[in-house]
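Worksheet: one structure, shown below.
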Amino acid sequence: MLESRNVIKVFSGKTAVDQVSVRLEQGHVYAMLGPNGSGKTTWMKMAAGLVKPTSGEMLFENQPVGIESRRHIAYMSTEPYFYAWMSARDVGRYYADFFEDFSGTQYAELLDRMELTETMKTKSLSSGMMAKLKIAVTLARDARVYMLDEPFNGIDLLSRDEIRRCILDRAVPEKLILLSSHLVEEMETIADSAVFLREGHLIETDDLDQLRTEKGISMTDRYREIYGHVEG
């Protein structure tokens, strides 16, 4: 469903993504993992059509990522992207104007699950509340692909449980979910596949059930094996 072929992205002479070829299929929840500077956010922004590759191809259903694919891909970035004057209700209206697949009913339900109200002003939200608002408005779309970059940043433990449930509600056979997070243990309970990146390079992709049954290790164990000497 979503694929990069020999994708390279260079910013100001620095290569953020280097010859990454990977294919992600619908019906799966992928964890994209790696230390800071691995290229996770850059890859996701290229897949969302927000950044163009320097070379290589980024494809959605075998067609180049572009205006058409944006109608089917719901992307949540790490950066705040709402105007300070907006309330949560305004955020919903903003999304409804841009995306035909946005559901106001689903958005209201998700706000309630996130313990947010429509009257809350974005400028007064804590970082954790802002993260929950971004998740709610992203998941309120009926998209084919959901990409959430660091969805658990600033989120307390109990709220993570509810966010996990909201994400898994979207994990149906015809959809693809891609998550990036430094909280690897949290991802272990959601993902069924993992994509490991380091310094812009693809290290490997793993089916997590196979990893557990054939090698007897978890995704967290594999993360430590790959990056332990880098981060430790």
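Just so it is clear, the model here is predicted, and its values are computed rather than measured.
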### Query
With no hydrogens and no angle check, is any side-chain donor or acceptor of Lys40 less than 3.5 Å from a backbone partner on Ser180?
no

### Task
Taking atom NZ of Lys121 as the centre, report whether more than 12 heavy atoms of other residues, nucleotides or ligands fall under 6.0 Å from it.
yes

### Query
Under the side chain to side chain contact (heavy atoms under 4.5 Å, CB included) criterion, do Asp101 and Arg71 qualify, and how do the steps go?
CA-CA 8 Å; Asp101 61 2; Arg71 296 177 56 226; over 6 Å; no

### Query
Shortest non-hydrogen contact from Arg164 to Ile190?
CG-CG1, 3.3 Å

### Message
Has Arg160 got a side-chain atom pairing as donor or acceptor with Ile155's backbone, closer than 3.5 angstrom?
### Response
yes

### Non-neighbouring partners of Phe196 that pass ring-ring contact (aromatic ring centres under 6.0 Å, His included), sequence neighbours left out
none

### Task
Flag yes if more than 12 heavy atoms outside Glu100 fall under 6.0 Å of its CD atom; otherwise flag no.
no

### Task
Please round to the nearest 0.5 Å and tell me the distance separating atom CG of Leu33 and atom CG of Leu183.
11.0 Å

### Message
Do Ile226 and Glu204 have side chains that approach each other closer than 4.5 Å (heavy atoms only, starting at C-beta)?
### Response
yes

### Message
Please report the interatomic distance CE(Met86) to OG1(Thr122), rounded to the nearest 0.5 Å.
### Response
7.5 Å

### Message
To the closest 0.5 Å, what do you measure between CG (Leu208) and NE2 (His28)?
### Response
11.0 Å

### Query
Is a side-chain N or O of Glu3 found less than 3.5 angstrom from the main chain of Leu59, in a donor-acceptor match?
no

### Message
So does Phe99 get a backbone contact from the side chain of Arg141, meaning a donor-acceptor N/O pair under 3.5 Å?
### Response
no

#### Entry: Whether Arg70 side chain and Gly49 backbone form a donor-acceptor pair below 3.5 Å
yes

#### Entry: Residue pair Ile73 / Ala47: nearest heavy atoms and the distance that separates them
CD1-O, 3.5 Å

### Query
At what distance, to the nearest 0.5 angstrom, does OG1 of Thr42 lie from CD1 of Ile8?
13.5 Å

### Query
Under 3.5 Å, is there a donor-acceptor pair linking the side chains of His182 and Asn36?
yes

### Short side-chain to backbone donor-acceptor contact, Glu118 and Ala108, under 3.5 Å
no

### Query
Nearest 0.5 Å, what's the CD-OG1 distance between Glu185 and Thr220?
4.5 Å

### ILVMFWY cluster, Met147 and Leu133 together (side-chain gap under 4.5 Å)
no

### Linked, directly or transitively: Val17 and Met32 (ILVMFWY side chains, under 4.5 Å)
yes

### Query
Are Met76 and Phe60 linked, directly or through other ILVMFWY residues, by side chains that come within less than 4.5 angstrom of each other?
no

### Message
Please report the interatomic distance OG1(Thr54) to CZ(Phe11), rounded to the nearest 0.5 Å.
### Response
7.0 Å

### Task
Please examine the side chains of Trp43 and Met58, heavy atoms only from C-beta on, and report whether any two atoms are closer than 4.5 Å.
yes

### Query
Taking all atoms of both residues into account, what is the closest heavy-atom pair of Leu110 and Ala136, and its distance?
CD1-O, 3.4 Å

### Query
Under 4.5 Å between side-chain heavy atoms, hopping through other hydrophobics if needed: is there a path connecting Leu148 to Leu176?
no

### Query
What's the shortest heavy-atom distance between Asp192 and Gly27, and which atoms?
OD2-O, 4.2 Å

### Query
More than 12 non-hydrogen atoms from neighbouring residues, nucleotides or ligands closer than 6.0 Å to OH on Tyr83, yes or no?
no

#### Entry: Leu157 atom CG, over 12 foreign heavy atoms within 6.0 Å
yes

#### Entry: Any side-chain heavy-atom pair of Leu24 and Met1 under 4.5 Å
no

### Query
Are Ser4 and Val22 close enough, and set up right, to give a side chain to side chain contact (heavy atoms under 4.5 Å, CB included), and what steps lead you there?
CA-CA 5 Å; Ser4 64; Val22 64; 3.5 Å; yes

### Message
With a 4.5 Å cut-off on side-chain heavy atoms, are Asp90 and Phe82 touching?
### Response
no

### Message
Evaluate Lys9 against Lys45 for side chain to side chain contact (heavy atoms under 4.5 Å, CB included), listing each step before the verdict.
### Response
CA-CA 11 Å; Lys9 182 60 186 179; Lys45 286 185 174 180; over 6 Å; no

### Query
Without hydrogens or angle criteria, can the side chains of Ser21 and Asn6 be said to hold a donor-acceptor pair below 3.5 Å?
yes

### Task
Could you tell me which residues satisfy ring-ring contact (aromatic ring centres under 6.0 Å, His included) with Phe98, sequence neighbours excluded, listed by chain and number?
Tyr94

### Query
Do Leu202 and Val195 have side-chain heavy atoms sitting under 4.5 Å apart?
yes

### Message
Test of understanding: clusters of I, L, V, M, F, W, Y form through side-chain heavy atoms closer than 4.5 Å, transitively. Do Met44 and Met46 belong to the same one?
### Response
yes

### Task
Please examine the side chains of Val91 and Tyr107, heavy atoms only from C-beta on, and report whether any two atoms are closer than 4.5 Å.
yes

### Task
Heavy atoms only: give me the nearest Leu197-Tyr227 pair and the separation to one decimal.
O-OH, 2.7 Å

### Message
For a quick test of reading the model, state the closest non-hydrogen atom pair linking Glu150 to Ser181 and the distance between them.
### Response
OE1-CA, 3.3 Å

### Query
Do Met219 and Arg222 touch side chain to side chain, with heavy atoms closer than 4.5 Å?
no

### Query
Is it true that a side-chain atom of Lys134 and a backbone atom of Thr78 form a donor plus acceptor pair closer than 3.5 Å?
yes

### Task
Check whether any side-chain heavy atom of Ile135 lies under 4.5 Å from a side-chain heavy atom of Thr138, and answer yes or no.
no

### Message
Tell me whether Asp207 contacts the main-chain N or O of Asp209 through its side chain, where contact means a donor paired with an acceptor under 3.5 Å.
### Response
yes

### Task
Starting from the C-alpha separation in whole Å, work towards a yes-or-no answer on side chain to side chain contact (heavy atoms under 4.5 Å, CB included) for Leu111 and Thr117.
CA-CA 6 Å; Leu111 285 179; Thr117 67; over 6 Å; no

### Message
Using the salt bridge (charged side-chain N to carboxylate O under 4.0 Å, His left out) definition, which of the options Glu61, Glu25, Glu68 pairs with Arg144?
### Response
Glu61

### Query
Do NZ/NE/NH1/NH2 and the carboxylate oxygens of Asp206 and Lys215 come within less than 4.0 Å?
no

### Task
Verify, without hydrogens or angle tests, whether Glu186 (side chain) and Phe152 (backbone) share a donor-acceptor contact under 3.5 angstrom.
no

